[in-house]
Amino acid sequence: MKIAVLPGDGIGPEIIHEAIKVLSALGESFEMEIAQVGGAGYAAHGHPLPEGTLKLAKEADAVLFGAVGDYQYDKLERALRPEQAILGLRKELGLFANLRPAILYPELAGASTLKPEVVSGLDILIIRELTGDIYFGKPRGVRECPDGPFAGQREGFDTMRYAEGEIRRIAHVAFQAARKRDRRVTSVDKANVLETFQFWRDIVTEVHREYADVELEHMYVDNAAMQLVRAPKKFDVIVTGNMFGDILSDAAAMLTGSIGMLPSASLDANSKGLYEPSHGSAPDIAGKGVANPLATILSAAMMLRFSFGRMDAADRIENAVKRVLAQGLRTPDIHEPGTTRVGTKEMGDAVVAALA
Ligand code: IPM
Ligand code: MG
């Protein structure tokens, strides 16, 4: 079990450190190799996804990823910005299926900005297509506007596109995931306006014929955004494209009170995966020892489950996290009166202690 560990920028190294601690405490023999990525990759090797890092990620059985991005790299040209590291890894490793669970732990019901009755018991799974759509479509760029009232001016443009096979494979992932849950899939699109997403709807409907035991509902993305904050518990599995999934998964994450709690997995066709917290690099709190390491620790659990088939070890970590929450330990992002405020390291230590 070889793991490429890519801490990245901001709070990335701190939270990854805690996840490594938890993995090491399991008493298994993991081979872990650390490499730089994002701004750290640029600083060390002149590129956000250095060749050596990409090679390591390709060789490894799984990638454990922290976060990338920092203010000081914001002015670099796009190809050198930290975000290119994660986009490049997704593309190069063929990680097309992004699983973003949004689970509300009962202890954290008060941390959500929504009323407890709206979110308590929330357990939804967002499956976001990750290597297609307007994110990677070509052509893209800035050109001279060919016609209309702004003809002759510069215009920015991107290309939204999905190939049939791309839609089929993510639809299969969604229906199969639903079979392990409540057997309901909501496919989110914009079929009323966009050709790409009318096509998406048609293909998802076709694939659904193979899954008579799973319920399929189609929903426009604007309505889905509204339903997510109105009655989020009505959803089971949401499947959607790259762009809509980016937006909806942040909204879903916040339902749970803290994006600091949510892990994610990005999988290829053979369950090789990249595992990362759903949150970003939070450079404003980097180095202060206050970041919540639980999303990263839970990402390591997802890695054990999806890439290594080690359900037992994954359960052990997840149960340990539940135990520390039950003990009342909280990093500042989820702290409420009556609970015990702890830092990044103490939280990691508590999870290690709770593994036993
Ligand atoms: C995410 C992030 C990335 C995305 C950025 C950092 C490129 O927002 O993983 O959701 O847009 O996919
Ligand atoms: Mg995002």
Side-chain angles (χ1 to χ4, degrees), residues 6-12 15-16 36-42 47-49 53-54 57 63-102 124-138 140 158-162 166 170 188 221 224-225 228 238-256 258-268 273-284 286 291 295-296 298-299 302-303:
L6 313 182
D9 309 316
I11 58 172
I15 54 179
I16 283 285
Q36 277 127 343
V37 76
Y42 176 77
H47 195 278
L49 184 53
T53 304
L54 179 59
V63 179
L64 187 60
F65 189 93
V68 290
D70 208 337
Y71 310 123
Q72 55 186 305
Y73 306 110
D74 279 353
K75 294 217 170 64
L76 290 171
E77 59 174 286
R78 180 171 309 281
L80 296 178
R81 280 195 219 155
E83 290 78 9
Q84 293 306 314
I86 188 67
L87 294 172
L89 281 166
R90 288 170 183 170
K91 200 69 184 170
E92 291 284 335
L93 271 57
L95 306 170
F96 70 90
N98 187 210
L99 275 48
R100 297 191 169 184
I124 61 185
L125 175 62
I126 298 198
I127 298 186
R128 167 188 177 196
E129 199 291 329
L130 209 51
T131 51
D133 205 349
I134 198 165
Y135 264 60
F136 291 97
K138 289 200 173 102
R140 54 187 283 161
D158 294 274
T159 302
M160 180 175 272
R161 51 154 301 285
Y162 262 119
E166 277 179 303
I170 196 73
V188 172
V221 63
L228 259 182
I238 293 177
V239 63
T240 189
N242 205 346
M243 174 84 141
F244 299 154
D246 178 44
I247 301 164
L248 293 180
S249 62
D250 265 30
M254 203 54 219
L255 298 174
T256 70
S258 173
I259 197 165
M261 292 297 303
L262 299 179
S264 78
S266 304
L267 306 175
D268 75 358
L274 178 148
Y275 300 84
E276 58 174 327
S278 282
H279 60 72
S281 57
D284 53 322
T296 313
L298 291 167
S299 298
M302 278 186 108
M303 174 178 78

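One-based numbering, in listed order, for ligands and for the atoms of each. Worth knowing before you read on, the calculation uses all heavy atoms, side chains too, and leaves out hydrogens, waters and symmetry mates.
Between atom CD of residue Glu276 and atom CD1 of residue Ile86 there is a gap of 4.0 Å, rounded to the nearest 0.5 Å. Note that CG of Asp250 and CG of Leu228 are 11.5 Å apart. Values are rounded to the nearest 0.5 Å.
When atom types are taken as modelled, the side chain of Arg81 and the backbone of Leu76 share a donor-acceptor pair closer than 3.5 angstrom. No donor-acceptor pair under 3.5 Å is formed between the side chain of Asp268 and the backbone N or O of Phe96. Gln72 places no side-chain N or O within donor-acceptor distance of the main-chain N or O of Asp74, the cut-off being under 3.5 Å. Side chain of Lys91 to main chain of Thr131: a donor-acceptor pair is present (N/O by atom type, distance under 3.5 Å, no hydrogens or angles). A donor-acceptor pair is defined here as one N or O able to donate and one able to accept, closer than 3.5 Å; such a pair exists between the side chain of Asp9 and the backbone of Gly69. A side-chain donor-acceptor contact under 3.5 Å links Asp133 to the backbone of Met243.
Protein heavy atom in closest approach to atom 2 (C) of ligand 1: Asp246 OD1, 4.0 Å. Of the protein's non-hydrogen atoms, Tyr135 OH, 2.4 Å is the one closest to atom 11 (O) of ligand 1.
Distances from atom 3 (C) of ligand 1 to the heavy atoms of Gln84, Glu83, Arg81, Arg90 show the closest one on Arg90.
Close contacts of ligand 1 with Arg100, meaning ligand atoms under 4.0 Å from a residue heavy atom, involve 1 (C), 9 (O), 10 (O). Taking every non-hydrogen atom of Arg128 and a distance limit under 4.0 Å, the qualifying atoms of ligand 1 come out as 1 (C), 4 (C), 9 (O), 10 (O), 11 (O), 12 (O).
Looking at Tyr135 and Asp246, their side chains do bring a donor and an acceptor atom within 3.5 Å of each other.
Protein atoms of type N, O or S found under 2.8 Å from the Mg ion (ligand 2) total 1.
Residue Glu276 places no N or O, backbone or side chain, under 3.5 Å from any N or O of ligand 1.
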